[in-house]
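The sequence lines fix the lettering, A, B, ..., with proteins before strands; numbering per chain opens at 1. Note that the coordinates shown come from a computational prediction; the quantities given were computed from them, not determined experimentally. Any value given below was found using the heavy atoms of this structure, including those in side chains, with hydrogens, waters and symmetry copies removed.
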Amino acid sequence: MKVLDFIVCSNEPLNDQNHLIKVVPANNEPMPEMFPGQFVQILVKNSPNVFLRRPVSINNVDLANNELWLLVKRVGEGTEKICKSSTGDIMNLIFPLGNSFTIPEEKCTTLLIGGGVGTAPMLFLGKKLSEKGYNVNFLLGGRTASDILQITDFEKYGNVYCTTEDGSFGEIGFVTDHTILQNNKFDFIYTCGPKPMMVAVAKYAVSKGIECEASLENLMACGFGACLCCIEKTVRGNICTCTEGPVFNIKELTWLD
Amino acid sequence: MKVLDFIVCSNEPLNDQNHLIKVVPANNEPMPEMFPGQFVQILVKNSPNVFLRRPVSINNVDLANNELWLLVKRVGEGTEKICKSSTGDIMNLIFPLGNSFTIPEEKCTTLLIGGGVGTAPMLFLGKKLSEKGYNVNFLLGGRTASDILQITDFEKYGNVYCTTEDGSFGEIGFVTDHTILQNNKFDFIYTCGPKPMMVAVAKYAVSKGIECEASLENLMACGFGACLCCIEKTVRGNICTCTEGPVFNIKELTWLD
Amino acid sequence: MAGLEVQIGDLKFKNPVTTASGTFGYGTEYKDFIDLGALGGIFVKGTTLEPRQGNDYPRMAETPSGMLNAVGLQNKGVDYFINHLYPEIKDYDTNIIVNVSGSTIEDYVTTAEKLADLDKMPAIELNISCPNVKEGGMSFGVSCESAAKVTRAVRDVFPKTLIVKLSPNVTSISEIALAVEGAGADSVSLVNTFLGMAIDIESKKPKLSTITGGLSGPCIKPIAVRMVWEVYNTVKIPIIGMGGISNWQDAIEFILAGSTAIQVGTYNFIDPTASVKIIEGIEEYLDRHRITSVTDLVGQMRI
Amino acid sequence: MAGLEVQIGDLKFKNPVTTASGTFGYGTEYKDFIDLGALGGIFVKGTTLEPRQGNDYPRMAETPSGMLNAVGLQNKGVDYFINHLYPEIKDYDTNIIVNVSGSTIEDYVTTAEKLADLDKMPAIELNISCPNVKEGGMSFGVSCESAAKVTRAVRDVFPKTLIVKLSPNVTSISEIALAVEGAGADSVSLVNTFLGMAIDIESKKPKLSTITGGLSGPCIKPIAVRMVWEVYNTVKIPIIGMGGISNWQDAIEFILAGSTAIQVGTYNFIDPTASVKIIEGIEEYLDRHRITSVTDLVGQMRI
Ligand SMILES: Cc1cc2nc3c(=O)[nH]c(=O)nc-3n(C[C@H](O)[C@H](O)[C@H](O)COP(=O)(O)OP(=O)(O)OC[C@H]3O[C@@H](n4cnc5c(N)ncnc54)[C@H](O)[C@@H]3O)c2cc1C
Ligand SMILES: Cc1cc2nc3c(=O)[nH]c(=O)nc-3n(C[C@H](O)[C@H](O)[C@H](O)COP(=O)(O)OP(=O)(O)OC[C@H]3O[C@@H](n4cnc5c(N)ncnc54)[C@H](O)[C@@H]3O)c2cc1C
Ligand SMILES: Cc1cc2nc3c(=O)[nH]c(=O)nc-3n(C[C@H](O)[C@H](O)[C@H](O)COP(=O)(O)O)c2cc1C
Ligand SMILES: Cc1cc2nc3c(=O)[nH]c(=O)nc-3n(C[C@H](O)[C@H](O)[C@H](O)COP(=O)(O)O)c2cc1C
Ligand code: FES
Ligand code: FES
């Protein structure tokens with residue numbers, strides 16, 4: 001873990017709410033190794049109402065350019081300010097934080113399900129899995145076509161399936177309605193997105209006996225295990241999402257109880 | 001008094017600390033009449049530490065362009081943010097606030113003494129006095145040459161005399177050391193600047209029996225008479241600087257007691 | 001369109017949004033900015049029996065999300081108010097309520113008696129919680145006995161709506177509320193400012209001439225909301241809630257916690273139109289949530 | 001170079017900057033960010049006799065210039081601490097002080113006794129002020145009698161430096177300080193968090209699972225500084241001040257108000273390196289003001 005100033009090298013709006021922000025370390029030193037599922041804590045400056053840092057997943061690590069990618073959705077003042085950053089701005093990060101998704105021992109068929117901005121960590125995960133020779137399938141869900149982000153990036157690393165609630169892109173309905181869930185066989189499912197979606201995915205995985213990991217977005221104060229605010233009630237008791245998560249095997253969670 | 005959004009149409013650094021910021025009403029409606037000595041209360045956005053507005057004098061009103069000029073010195077976070085505003089930014093002002101300098105009934109010889117950023121209201125005052133046909137003399141003081149601001153603007157409206165503490169521009173010393181105070185005769189003195197300077201000017205004026213008004217910069221919360229925080233102890237008791245000032249006849253003040 | 005009327009004691013308010021004493025002068029200071037008649041009420045500057053010069057300068061220090069003040073109840077006294085200020089403001093189309101302070105019980109009683117005679121003065125707010133005066137003031141508000149005593153004494157001479165303003169600088173604000181309810185208050189308003197201080201580290205001097213002063217603004221909101229909630233669960237009389245309200249969201253929060261009406265204080269300095277924006281925001285919220293009367297929201301936090 | 005050493009009870013601190021309990025874990029959480037040996041001391045997480053799961057999620061809400069927490073003393077109990085955590089941290093080159101909580105006096109006493117046996121544990125901080133537990137916790141800290149009682153009971157079994165951490169949720173914190181001084185405390189630390197709450201107005205639910213929680217951060221600083229000043233003028237034992245400290249300027253303010261040492265709490269979350277920056281800042285300030293020892297600054301506000 002480090003506290004480090006980065007420089008914003010680009011900030012691209014992907015739709016009316018989501019921005020892809022690429023940053024490089026200000027001192028240009030090589031970044032430490034990072035793993036899919038890990039996140040950063042962003043310091044939000046210039047805001048009268050934002051006091052705490054904001055947690056954001058690692059969307060991609062571009063080693064060639066020493067770039068870190070962040071996919072950020074505007075939901076409140078913190079993410080609003082982050083989405084307003086301009087090229088050249090300094091962004092202070094604590095990183096890398098949290099555990100990471102499990103890479104199964106055996107090369108196998110994986111399904112990465114992301115809903116909304118929950119697709120963010122799936123890109124980095126898919127990339128790593130594909131580099132290691134796994135069969136990678138992405139299932140991305142949104143309300144409407146414009147919610148499906150970074151599709152050309154995803155296509156580099158695996159098959160991409162989509163659902164939209166209004167049917168404007170991919171199949172109509174929720175991710176768990178997609179036909180590949182009926183037609184294809186998967187060995188490992190990863191999911192990140194709104195809780196109802198993740199619960200539905202978890203139910204599916206349990207019903208099929210498939211290993212499944214979910215990435216949680218609990219409210220955090222510190223992000224590195226010091227405050228005990230971000231706990232998730234698990235079969236092992238209250239556990240910190242920021243250090244022992246954000247990735248949990250769904251068997252650990254008490255969601256389906 | 002109004003609360004109104006303005007648009008920053010230019011922000012020119014005059015030296016390493018002072019900025020001349022010109023703003024126009026966002027709706028471009030004509031501004032109400034304003035008088036020299038009055039001030040505005042600037043809302044500082046995007047700052048975690050600035051809660052209250054910041055009072056700044058009216059430096060000039062350019063009726064032709066419907067522009068209001070503000071001369072701002074960076075001293076803390078509030079003025080720092082104000083000095084960072086860019087062309088096109090919205091600046092919310094409450095204005096015009098406070099009383100104003102007295103224009104003597106008879107056309108006479110006036111001396112306007114400003115120290116540091118205290119020269120700000122003197123420009124607008126000098127302009128008005130000169131328009132009305134008064135003999136206008138400016139005496140501007142600073143630590144060093146670069147502290148003397150807007151000199152070409154001042155020259156439009158009267159004779160300009162300067163002092164610098166290091167002698168790099170004008171006469172060496174404080175404003176009260178300037179030879180015109182010995183050599184010339186004035187009927188009315190106006191002053192604004194650091195308190196020690198104003199006290200020295202007041203002493204001079206009293207010793208010579210010259211009418212003298214000083215513009216005060218007491219700490220303010222509201223700026224329009226609602227909080228009673230900005231009081232000055234006067235011969236009439238505690239009086240609000242923001243409504244019954246910021247301009248006081250030095251006879252009202254208890255500085256020389 | 002949702003109903004905004006609320007009632008405190010015998011007094012009807014056209015809406016729950018009022019302005020806090022000491023932050024809104026006598027209303028006139030704001031008449032350039034807003035239509036005063038749009039407000040539920042105006043709590044005018046703290047008034048004492050005798051004129052007071054208040055404390056020395058400096059009286060103000062900015063703090064994180066708030067400010068300290070040490071005004072010390074500067075005012076020209078109740079007689080001046082009655083003869084010079086009241087005539088100017090009595091015909092505003094809103095409830096004008098005087099905030100009454102004193103150093104002794106007799107002060108409070110005499111001031112209240114004088115105000116009781118005014119036609120258009122339907123209520124007073126008894127300030128037993130001002131931290132900025134040496135004698136009386138807050139000391140009445142920090143013990144149940146003295147709070148009840150001064151309330152009872154004023155109750156005996158003041159037949160109109162009596163609101164008692166509580167100090168947050170206590171171990172249990174609900175006990176004090178209960179005591180003043182028992183002593184005949186029609187309503188409690190809370191909170192007054194928190195006792196705080198700030199030091200200029202370069203001069204090493206306190207930033208206020210009085211060393212300590214009253215903290216107000218958004219910084220105190222979480223504590224104020226908690227106090228409203230505690231008092232709501234303790235007393236039956238209506239609560240007027242305040243402390244850091246700067247927008248309609250804050251106002252709704254105070255109403256959900258148990259406030260029948262709210263006061264906007266320090267934020268008036270930053271946005272003199274805040275109070276009317278809050279009225280509009282409450283109305284839209286009620287409509288969006290299909291709540292027909294704001295009174296149906298009071299204390300309705302879901303637990 | 002100015003001397004930074006301070007002393008609390010029998011215990012020497014290499015500098016006055018320590019970290020607040022519950023915000024710094026067991027120190028290990030910060031070892032990637034700073035050299036823990038640079039700190040004057042580390043107050044580790046609140047420890048209880050039995051393990052505690054703490055409160056339900058959500059435990060946190062952001063507020064203007066601060067946050068509310070409702071962690072509820074989640075910890076694995078004193079035995080786990082002694083057997084598993086202490087061995088890992090005991091050799092840090094700084095003072096490690098355990099913050100001790102309990103629901104009954106026996107809890108406090110037994111926990112303190114166990115800790116007294118540890119070689120490298122020179123002091124404990126008695127937390128009689130946690131607002132986030134149903135029983136005990138804060139209730140000990142809000143009356144002079146119970147505060148004195150628990151202090152005396154622990155004093156009898158704990159021969160090392162005993163620091164008692166006070167609650168700010170009281171009418172007179174200096175009376176409580178006086179009571180615990182009389183009961184044998186070597187030092188008081190203040191303040192713990194203020195009881196507050198926040199409501200999500202759309203769901204109408206409280207933002208914390210426990211409804212109310214503890215407010216910390218810069219928002220509370222003016223009240224905390226005032227309390228330090230009051231206590232400084234009341235007791236003779238040294239004060240460890242805290243509440244919203246986020247930079248060296250804040251630290252100097254607390255020292256001028258009467259703190260011999262200070263604790264950095266919530267701000268560690270925003271800048272995990274804040275504490276070491278504060279040490280440097282204090283040193284520069286002392287040099288600039290030609291003060292040879294930080295102890296010469298304690299309580300030296302000019303009035
Ligand atoms: C491990 C982790 C990884 C995340 N990754 C991403 C990411 O890659 N991209 C992205 O856009 N967002 C991500 N988030 C969510 C992001 O942190 C929140 O959206 C952000 O903190 C909201 O801040 P705000 O100031 O904009 O909104 P606020 O004004 O604080 O809140 C607006 C709304 O968002 C909710 N909210 C606030 N904080 C969180 C939170 N931590 N989690 C969920 N909801 C929250 C609030 O309850 C409120 O309803 C992640 C969160 C976590 C914990
Ligand atoms: C009527 C009036 C007219 C003014 N006109 C101008 C002007 O034309 N141009 C200009 O640059 N400044 C002017 N000032 C001063 C200006 O308001 C302050 O410099 C500003 O408020 C400081 O804010 P800050 O956040 O930058 O500094 P802060 O961080 O608030 O304070 C930095 C330092 O400045 C001091 N300070 C803060 N507020 C004031 C104040 N109101 N007056 C004096 N010192 C203060 C503080 O005590 C501190 O030492 C005027 C003030 C008043 C009352
Ligand atoms: C400058 C100032 C002066 C005040 N004067 C009074 C007063 O005279 N009487 C009173 O009861 N409260 C007074 N108050 C307290 C406010 O009415 C209110 O209780 C407090 O500020 C909390 O609300 P806020 O955070 O919205 O400001 C004053 C507050 C401020 C900031
Ligand atoms: C998340 C969190 C957990 C805390 N846990 C404890 C605790 O276990 N014991 C304790 O005495 N104080 C605890 N505190 C209080 C702090 O030690 C400190 O007294 C308070 O936060 C004020 O300081 P600050 O504003 O610098 O944070 C906790 C504070 C926070 C924010
Ligand atoms: S966010 Fe602080 S422990 Fe997880
Ligand atoms: S600044 Fe509020 S009355 Fe003058």
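- For the residue pair A:L228 and D:Q74, the shortest heavy atom distance occurs at CD1-O, 3.6 Å.
- Within 6.0 Å of the NZ atom in A:K203, the count of heavy atoms belonging to other residues, nucleotides or ligands does not exceed 12.
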| said: Run A:N238 and D:R59 through side-chain contact (heavy atoms from CB on, under 4.5 Å) and show every step you take. | reply: CA-CA 12 Å; A:N238 285 336; D:R59 291 182 174 181; 3.3 Å; yes
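- Residue D:Y26 does not touch chain A at all, counting heavy-atom pairs closer than 4.5 Å.
- In this structure, OG1 on A:T243 lies 8.5 Å from CD on D:E29, to the nearest 0.5 angstrom.
- With values rounded to the nearest 0.5 angstrom, A:K2 atom NZ is found 13.0 Å from D:T273 atom OG1.
- Remark: side-chain polar atoms of D:E62 are paired, donor with acceptor, to backbone N or O of A:F51 under 3.5 angstrom.
- In this structure, the separation between CG on D:D32 and CZ on A:F224 is 10.5 Å, given to the nearest 0.5 Å.
- For A:C229 against D:M67, the heavy-atom pair with the smallest separation is SG-CE, 4.0 Å.
- With a 4.5 angstrom heavy-atom cutoff, D:T23 touches chain A only via backbone atoms.
- Of all the listed residues (D:P58, D:P64, D:P272), the one sharing the greatest number of non-hydrogen pairs under 4.5 Å with chain A is D:P272.
- By number of non-hydrogen pairs under 4.5 angstrom with chain D, the leading residue of A:N92, A:N218, A:I94 is A:N218.
- Under a cut-off of 6.0 angstrom, the local environment of NZ in D:K76 is sparse, with at most 12 non-hydrogen atoms contributed by other residues, nucleotides or ligands.
- Both the backbone and the side chain of D:Y57 come within less than 4.5 Å of a heavy atom of chain A.
- In A:F174, the CZ atom is not crowded: 12 or fewer heavy atoms of neighbouring residues, nucleotides or ligands sit closer than 6.0 Å.
- Rounding to the nearest 0.5 Å places NZ of D:K31 at 7.0 Å from CE of A:M1.
- D:D56 and A:I231 make their closest contact through C-CD1, 4.3 Å (heavy atoms, listed as atom of the first residue, atom of the second, distance).
- Only the side chain of D:T266 comes within contact range of chain A, with heavy atoms under 4.5 Å apart.
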